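The first residue in the sequence is number 1, and the count goes up from there. Predicted model only: the values in this text are computed from it and were never measured.
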Amino acid sequence: MSLEKVSVNKAFDGQLIKYKFKVRVTHRFPPGPIVSSSAALGGLDANFNLFLPANAAEGNKVPLLTYLAGLTCTEDNGAQKGHFLGPASKEGIALLFPDTSPRGAGIEGETDSWDFGVGAGFYVNATHPKWAKHYNMLTHVTIELPQVLEAAGLPIDFKRQSIFGHSMGGHGALTLYLSSVLQGVKQYRSVSAFAPISNPVNCPWGQKAFSGYLQGGVEEAKDKYDATELVKKLGGKEPVHILVDYGTADNFYKQGQLLPENFLKAARDSGYDEVQVRVRAQEGYDHSYYFISTFGEDHVHFHANFLKA
């Protein structure tokens, strides 16, 4: 594995570092092959941004909050426009900003539309043979990036992780969190989302993505990649810590792409109250980073309650 430091910018007394890495499958005996980024991204280079607060040091590992961006975005959008760095610096929390898809796979059709393929990985592990080699963003986010950071000796406490995201990334954050709770792994202590695609099996964006990436299409997605379906499966049996914000002036909300009411109803029907699952309609806000930056500090503070507990 090679980890290349592309750039470093001082921000809020900490450092925002852009990294590039390329990992090949290595082997260890026993127990056998170590699965690395070549399994998830087909051996392609991958970029990510990492914010380390000033208090992060070898003797003081800090918790990690991962931000998943939305359609057409890269690892830069949240880092540059989300208004997360200052609050994270004050709380002593590291921020991880992955990309939204592999880049440069050269698969036919991956750049034909803005809501599928490049910039639109939907945080799934593809099972359709055409996409399965490269489009495995679930593994990339939940396993490979933490492995890369840990191997690099960065001062991060991986026992204290939370996750949040926007739109497609909100969908990713919710599903990765809920899946980890269902599986008993509990990788993340809390989750929050800005305007998430909350019930993707019932909206055009989700149906298009799942029909392309998954061999079993929408039916395959119901079990793994739909926050509304996953919170139903939990059935109130495990405690959760979830915050969702969406804007009432969001055109994608009006078009039925987000469906936060479906998620809220499923959560309430499962027995989760306002303390465990909070969904807030923010009057007059749209889908943009103006909306995200308005509530970014609130979301970082929400996660700090659990990451620093």
Side-chain angles (χ1 to χ4, degrees), residues 65-74 77-78 82 97-101 113-117 119-126 131 135-142 162-182 187-188 190-214 217-234 240 242-247 250-253 255-267 277-280 287-289 291-292 299:
L65 177 56
T66 298
Y67 175 79
L68 305 181
L71 293 165
T72 75
C73 292
T74 70
N77 295 74
F97 302 91
D99 202 348
T100 55
S101 76
S113 58
W114 64 273
D115 55 358
F116 183 83
F122 262 82
Y123 305 102
V124 304
N125 280 347
W131 307 96
Y135 279 75
N136 298 290
M137 292 302 292
L138 184 154
T139 296
H140 180 62
V141 169
T142 61
S162 288
I163 192 165
F164 67 152
H166 170 232
S167 192
M168 175 186 73
H171 141 76
L174 287 169
T175 56
L176 297 187
Y177 171 81
L178 291 168
S179 292
S180 75
V181 174
L182 275 166
Q187 180 173 356
Y188 305 107
S190 54
V191 63
S192 70
F194 305 92
I197 305 171
S198 305
N199 190 194
V201 300
N202 287 317
C203 80
W205 277 342
Q207 291 164 354
K208 179 177 181 177
F210 298 148
S211 297
Y213 293 131
L214 305 178
V218 171
E219 282 303 310
E220 181 181 342
K222 281 185 179 179
D223 257 357
K224 299 178 180 178
Y225 302 123
D226 187 293
T228 298
E229 296 296 325
L230 290 172
V231 82
K232 288 179 187 176
K233 287 176 73 173
L234 268 178
V240 296
I242 299 172
L243 170 65
V244 172
D245 280 316
Y246 68 94
D250 186 326
N251 284 330
F252 297 121
Y253 166 66
Q255 293 165 15
Q257 295 282 17
L258 308 182
L259 304 175
E261 292 93 348
N262 293 7
F263 176 73
L264 179 59
K265 183 179 187 304
V277 178
R278 191 173 186 188
V279 178
R280 308 185 301 195
H287 200 72
S288 72
Y289 271 86
F291 158 61
I292 296 169
H299 281 237

* To do: Output the distance between atom NE2 (His140) and atom OG1 (Thr100), rounded to the nearest 0.5 Å.
  => 10.0 Å
* To do: For Tyr253 and Glu261, test the side chains for any donor-to-acceptor distance below 3.5 angstrom and give the result as yes or no.
  => yes
* Asked: Is any side-chain heavy atom of Ile242 less than 4.5 Å from a side-chain heavy atom of Leu174?
  -> yes
* To do: Taking all heavy atoms of Tyr123 and all of Leu138, pick out the closest pair and write down the distance.
  => O-CB, 3.8 Å
* For Leu71 and Trp114, which heavy atoms make the closest approach, and how far apart are they? -> CD1-CZ3, 3.7 Å
* Structure fact -> In this structure, OG1 of Thr142 is separated from CE of Met137 (nearest 0.5 Å) by 10.5 Å
* Give, for atom CD1 of Ile163 and atom CG of Leu176, the distance between the pair rounded to the nearest 0.5 Å. => 4.5 Å
* For the side chain of Thr175 and the backbone of Gly172, is there at least one donor-acceptor N/O pair under 3.5 Å apart? -> yes
* What are the two closest heavy atoms between Leu68 and Ala173, and how far apart are they? -> CD1-N, 3.6 Å
* **OG on Ser162 to CD on Gln187, rounded to 0.5 Å** => 10.5 Å
* **Donor-acceptor contact below 3.5 Å, side chain Glu229 vs main chain Asp223** => no
* Asked: Between the main-chain N or O of Leu243 and the side-chain N or O of Ser192, is there a donor-acceptor pair closer than 3.5 Å?
  -> no
* Look at atom NZ of Lys208 and say whether more than 12 heavy atoms of other residues, nucleotides or ligands are closer to it than 6.0 Å. => yes
* To do: Taking all non-hydrogen atoms of both residues into account, name the closest pair between Asn125 and Tyr225 and its distance.
  => N-OH, 3.2 Å
* Are the aromatic ring centres of Phe122 and His171 under 6.0 angstrom apart? -> yes
* Rounded to the nearest 0.5 Å, how far apart are CZ of Phe164 and CD1 of Ile292? -> 9.5 Å
* Where do Val277 and Val240 land on the side-chain contact (heavy atoms from CB on, under 4.5 Å) test, with the steps shown first? -> CA-CA 7 Å; Val277 178; Val240 296; 3.8 Å; yes
* Asked: Looking only at atom types and distance, does a side-chain atom of Ser198 sit under 3.5 Å from a main-chain N or O of Pro196, one as donor and one as acceptor?
  -> yes
* Asked: Would a line drawn from the ring center of Tyr188 to the ring center of Tyr177 be shorter than 6.0 Å?
  -> no
* Scan side-chain atoms only and decide if Asn199 and Asp226 contain a donor-acceptor pair under the 3.5 Å cut-off. => yes
* Asked: Centres of the His287 and Phe194 rings: under 6.0 Å?
  -> no
* Structure fact -> Closest heavy-atom pair, Gly70 versus Ser167, reported as atoms and distance to 0.1 Å, is CA-CB, 4.5 Å
* Measure the shortest side-chain to side-chain distance between Trp131 and Leu214 over non-hydrogen atoms and say whether it is less than 4.5 angstrom. => no
* **Pairwise distance CZ(Phe252) to CD1(Ile197) - rounded to 0.5 angstrom** => 9.5 Å
* Taking the side chain from Tyr67 and the backbone from Gly82, do they hold a donor-acceptor pair closer than 3.5 Å? -> no
* Keeping the roles fixed (side chain from Asn136, backbone from Thr139), state whether a donor-acceptor pair exists under 3.5 Å. => no
* Does a donor on one side chain sit under 3.5 Å from an acceptor on the other, for His166 and Asn77? -> no
* Asked: Under 3.5 Å, side chain of Gln257 to main-chain N/O of Cys203, donor-acceptor pair present?
  -> no
* Asked: Residues in salt bridge (Lys or Arg N to Asp or Glu O under 4.0 Å) with Lys224, at least two apart?
  -> none
* Looking at Phe116 and Ala120, what are the two nearest heavy atoms and their distance? -> N-CB, 3.5 Å
* Given the rule in the side-chain contact (heavy atoms from CB on, under 4.5 Å) test, do Val201 and Phe210 qualify, once you have shown the distances and angles that lead to the verdict? -> CA-CA 8 Å; Val201 300; Phe210 298 148; 4.0 Å; yes
